[in-house]
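Read through the structure below, which is laid out as structure tokens, and then see the notes.
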Amino acid sequence: MQIQNVSVDNFADEKIAAMKKAVLFITILHSVVSYAQTESPDTISARQLNEVVVKGEKPQVRGEDGIMVVDLPGIVQDKPVTNILEALGYMPGVTNNNGMIWLAGASDVTIIINGELTNMPLQNLYQLLYTTPVDRLKNVEIMYSAPAKYHVNGAVINVVLKTPTPLDGLQGQVRAGYNQAHYGSYGGGLAATYAVKDWTFDLNYGLSRTKSWSREETWSNHLHSGERTLIEDDMRRIRQNWSNTIFASASWKALNITYNGQLISDSKSWGLSSGTLGNYTNAYKMLSPVGYHNIALRYTAPCGTTIGGDYTAYSENRSQSLFKDTDYLLGSENRQSINRCHIYIDQQHQIGKWQLNYGAEYQHSRDHSSQSYADLSTVNPDFDDILTEDVAGFYAGTQRSFDLGLSFNLSAKGEYYHNKYQHNWNFIPQLGATYYKTPKSIFQLNFNTRRIYPSYWELHGGTSHINEYSTVIGNPELQPYLQYDAQFNYILRQKYVATLYLQYGDKATVQLPYQSPDALNLIYQTINMNYERIVGLNLYAPFGLSYIWNATATANVMNRRAKADHFHDISFDNSKWIFYGSLSNSFKFSRNSPLSISLDFSYISPSLQGIADMSGIWRIDAGAKWQFGKQRTCELDLKADDIFNTWSPTMTIRHAAQDYRMKVRDMTHNLKLTFIWRFNGFKPKDSSIDTSRFGTGK
């Protein structure tokens with residue numbers, strides 16, 4: 001069972017913000033835009049041999065065993081990207097929406113590194129990818145249906161890194177950057193690799209100071225006691241913190257030990273609202289640094305046996321103080337401490353042309369969370385609760401390639417889940433198949449199913465207050481739900497990709513505002529719907545003009561339907577056809593020009609999320625990349641995202657007695673300048689490749 005990851009930088013207002021923006025951004029893009037932009041073909045430079053000019057085009061996409069192997073380094077070589085996180089957004093079917101990665105046709109995607117699950121919270125993983133230079137990439141594998149041996153259920157993006165050898169010596173790069181949005185943020189990082197004899201070492205360190213701003217305007221025409229009351233509110237949110245992220249890995253032959261951690265300090269957040277009910281200030285503060293620490297050990301024996309495990313410790317302590325004008329209304333303190341251990345054993349055999357693999361894993365977690373209010377007269381109850389969770393899984397799978405052009409991987413997993421609220425057995429089948437006679441036409445079929453579990457904090461039933469009108473309430477009765485995904489891919493000439501997909505979430509969850517009929521109270525609570533179903537077609541096509549212009553067009557047409565018989569005390573059945581389109585362009589002035597520029601366009605038509613309707617949105621991004629210095633070891637990247645600040649939808653709910661509208665005015669446009677210096681080439685030679693649920697906010 002893959003534990004859902006949740007950001008470590010969670011304030012109570014981020015519970016609301018993540019809810020609202022998950023409603024307004026991430027959920028839309030998760031199901032709509034997950035259908036993403038990518039870039040141009042990697043054209044190999046012409047080579048002159050006695051007046052004979054030989055030209056070739058390196059394949060962007062290859063298919064094998066139900067897996068798409070993408071030459072991402074070639075795709076982004078002229079793009080203004082400096083790290084792997086930014087580069088992922090240029091892959092076929094992948095979109096990077098302000099640092100959140102989604103995959104076309106998949107309800108969710110897990111990122112692994114060199115075939116290994118990191119088991120770190122999403123925010124830490126993204127921070128690691130952000131501090132890892134794009135030069136470390138060898139390629140990236142897209143698995144719409146990951147085999148069970150990866151210990152991940154569902155879709156996977158496998159980031160394959162180059163492995164240093166003793167001949168490479170010490171290599172690395174230093175990075176410094178500044179980002180200007182409403183406020184300025186800045187940071188830097190160091191990445192280095194070293195190999196000697198049978199030892200290899202890898203280090204990534206990042207330090208950043210972040211300050212962000214957003215704004216949300218809401219109009220709630222609330223029906224109560226037979227009368228409508230219009231409640232308007234204008235909310236501005238400010239957040240700031242220092243973040244230290246470190247990833248260190250050491251390998252000796254087939255033994256690998258890895259540490260990754262994050263320490264967030266000086267974390268503060270303010271919610272400033274004004275409107276019909278008056279002026280409110282919501283102040284949040286981390287009373288101690290947010291700490292995440294994970295250590296993992298893995299050993300692969302010559303006989304094909306792999307044994308591994310990891311231990312995770314996470315802690316945070318957050319306070320909230322709510323004021324109306326200068327009057328103190330309430331205060332609370334939230335704590336969360338999580339300890340989790342995970343062990344596994346895998347075995348692989350090669351029997352003729354058949355590969356057989358099987359294994360088992362076990363995971364135990366202990367979550368100690370509490371919430372206490374300073375105002376004893378409050379109607380909100382305190383809690384101090386310990387939630388334990390046990391997951392055990394067993395799997396068997398096979399893989400085979402046939403001469404007729406068919407290759408496939410197939411696995412089945414049995415999983416037992418237990419906590420104090422429920423226990424159940426899950427059966428998780430997986431299939432990935434590829435067929436092609438020539439590389440010109442490749443067909444792929446994928447199917448998987450998985451069970452998605454709610455976050456730890458939601459199951460405790462805690463309450464967070466925005467003001468006297470709006471609250472976020474946990475749900476101890478929230479049930480996990482089954483997600484079924486199927487995709488059919490057609491890859492033409494190893495660069496054009498068409499993806500036909502179906503997603504079905506049985507008892508899928510949603511968190512949206514609800515106007516209580518019993519009181520003037522706006523409630524945000526995650527609940528289970530009957531189902532959510534998405535069917536669509538995503539098309540990806542690169543094209544261009546020699547080295548001068550390279551472009552990628554992406555078009556996605558989908559139908560989304562969400563149905564609930566019991567959304568609080570009402571029901572809904574909402575469906576809509578939705579279109580997403582993007583055009584990404586890069587330009588060079590000569591074949592060996594040190595300067596390249598990019599210009600990208602994106603658009604989403606009106607869409608939906610549960611009972612809510614979303615307006616259409618669009619954006620324009622531009623950037624420039626300049627390489628200079630001896631052997632071009634220095635690089636300067638300038639990127640302007642969402643130049644016109646239009647990538648923010650309006651949410652409208654008009655159904656039954658509900659009448660609500662919210663306009664998000666985030667500063668999604670920003671200007672980012674990054675300087676990079678590479679030492680000793682930082683191009684390791686290829687060698688062997690080593691095969692959410694935290695936080696008191698949501």
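Small disclaimer: the values here were computed from a predicted structure and weren't measured.
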Quiz item: Would you call the rings of Trp425 and Tyr416 parallel, tilted or perpendicular, where under 30° means parallel and over 60° means perpendicular?
Solution: tilted
Quiz prompt | Trp354 and Phe402 aromatic ring geometry - parallel, tilted or perpendicular at 30°/60° bounds | solution = perpendicular
Residues two or more places apart in sequence or in another chain: which of them pass ring-ring contact (aromatic ring centres under 6.0 Å, His included) with [X]?
X: Tyr504; value: Tyr531
X: His349; value: Tyr358
X: Tyr311; value: none
X: Phe447; value: none

Assess whether atom [atom1] of [X] is packed by more than 12 heavy atoms of other residues, nucleotides or ligands within 6.0 Å.
X: Trp252; atom1: CH2; result: no
X: Tyr344; atom1: OH; result: yes
X: Tyr435; atom1: OH; result: yes

Give me the atom names and distance for the closest heavy-atom approach of [X] to [Y].
X: Ala296; Y: Asp310; answer: CB-CB, 3.7 Å
X: Lys495; Y: Ile491; answer: N-CG2, 4.2 Å
X: Pro92; Y: Val70; answer: CD-CG1, 3.8 Å
X: Leu263; Y: Pro289; answer: CD1-CB, 3.7 Å

Rounded to the nearest 0.5 Å, what's the gap from [atom1] on [X] to [atom2] on [Y]? Could you check?
X: Leu129; Y: Ile113; atom1: CG; atom2: CD1; result: 5.5 Å
X: Leu356; Y: Gln399; atom1: CG; atom2: CD; result: 11.0 Å
X: Leu482; Y: Asn426; atom1: CG; atom2: CG; result: 6.5 Å
X: Thr449; Y: Gln483; atom1: OG1; atom2: CD; result: 8.0 Å
X: Asn419; Y: Asp390; atom1: CG; atom2: CG; result: 9.0 Å
X: Gln173; Y: Thr132; atom1: CD; atom2: OG1; result: 9.5 Å

Quiz item: Going through the checks in order, is the ring-ring contact (aromatic ring centres under 6.0 Å, His included) test met by Phe679 and Trp677?
Solution: CA-CA 7 Å; Phe679 55 87; Trp677 172 60; 5.4 Å; yes
Does any non-hydrogen side-chain atom of [Y] lie less than 4.5 Å from one of [X]?
X: Ile101; Y: Tyr126; value: yes
X: His368; Y: Asp384; value: yes
X: Tyr299; Y: Thr305; value: no
X: Tyr194; Y: Leu203; value: no
X: Asn153; Y: Ile452; value: no
X: Tyr395; Y: Asn357; value: yes

Under 3.5 Å side-chain donor-acceptor pair for [X] and [Y]:
X: Asn446; Y: Gln444; result: no
X: Asn294; Y: Thr312; result: yes
X: Thr193; Y: Asp202; result: no
X: Tyr314; Y: Glu316; result: yes
X: Asn317; Y: Ser315; result: no
X: His364; Y: Asn339; result: no
X: Tyr130; Y: Glu86; result: no
X: Gln430; Y: Asn409; result: yes
X: Ser243; Y: Asn241; result: no

Quiz prompt | Tyr144 and Tyr501 aromatic centres sub-6.0 Å | solution = no
Within the side chain of [X], is there an N or O that forms a donor-acceptor pair under 3.5 Å with the backbone of [Y]?
X: Arg62; Y: Gln494; value: no
X: Asn114; Y: Glu116; value: no
X: Thr398; Y: Gln355; value: yes

Practice problem: Show your reasoning for whether side-chain contact (heavy atoms from CB on, under 4.5 Å) applies to Thr306 and Thr300. | Solution: CA-CA 4 Å; Thr306 299; Thr300 302; 3.4 Å; yes
Pair [X] + [Y], salt bridge at N-O below 4.0 Å:
X: Lys413; Y: Glu361; result: yes
X: Asp346; Y: Arg298; result: no
X: Arg678; Y: Glu635; result: yes

Exercise. Quick one: list whatever passes side-chain contact (heavy atoms from CB on, under 4.5 Å) with Ser407, sequence neighbours left out.
Key: Asp65, Ser401, Thr434
Exercise. List for me each residue that meets side-chain contact (heavy atoms from CB on, under 4.5 Å) alongside Ala392, sequence neighbours excluded, and say none if there are none.
Key: Tyr362
Quiz prompt | Qualifying residue for side chain to side chain contact (heavy atoms under 4.5 Å, CB included) with Ile142, from Leu103, Ile67, Asn158, Val109 | solution = Leu103
Quiz prompt | Residue pair Ser145, Leu431: steps toward the side-chain contact (heavy atoms from CB on, under 4.5 Å) verdict | solution = CA-CA 6 Å; Ser145 182; Leu431 170 67; 5.5 Å; no
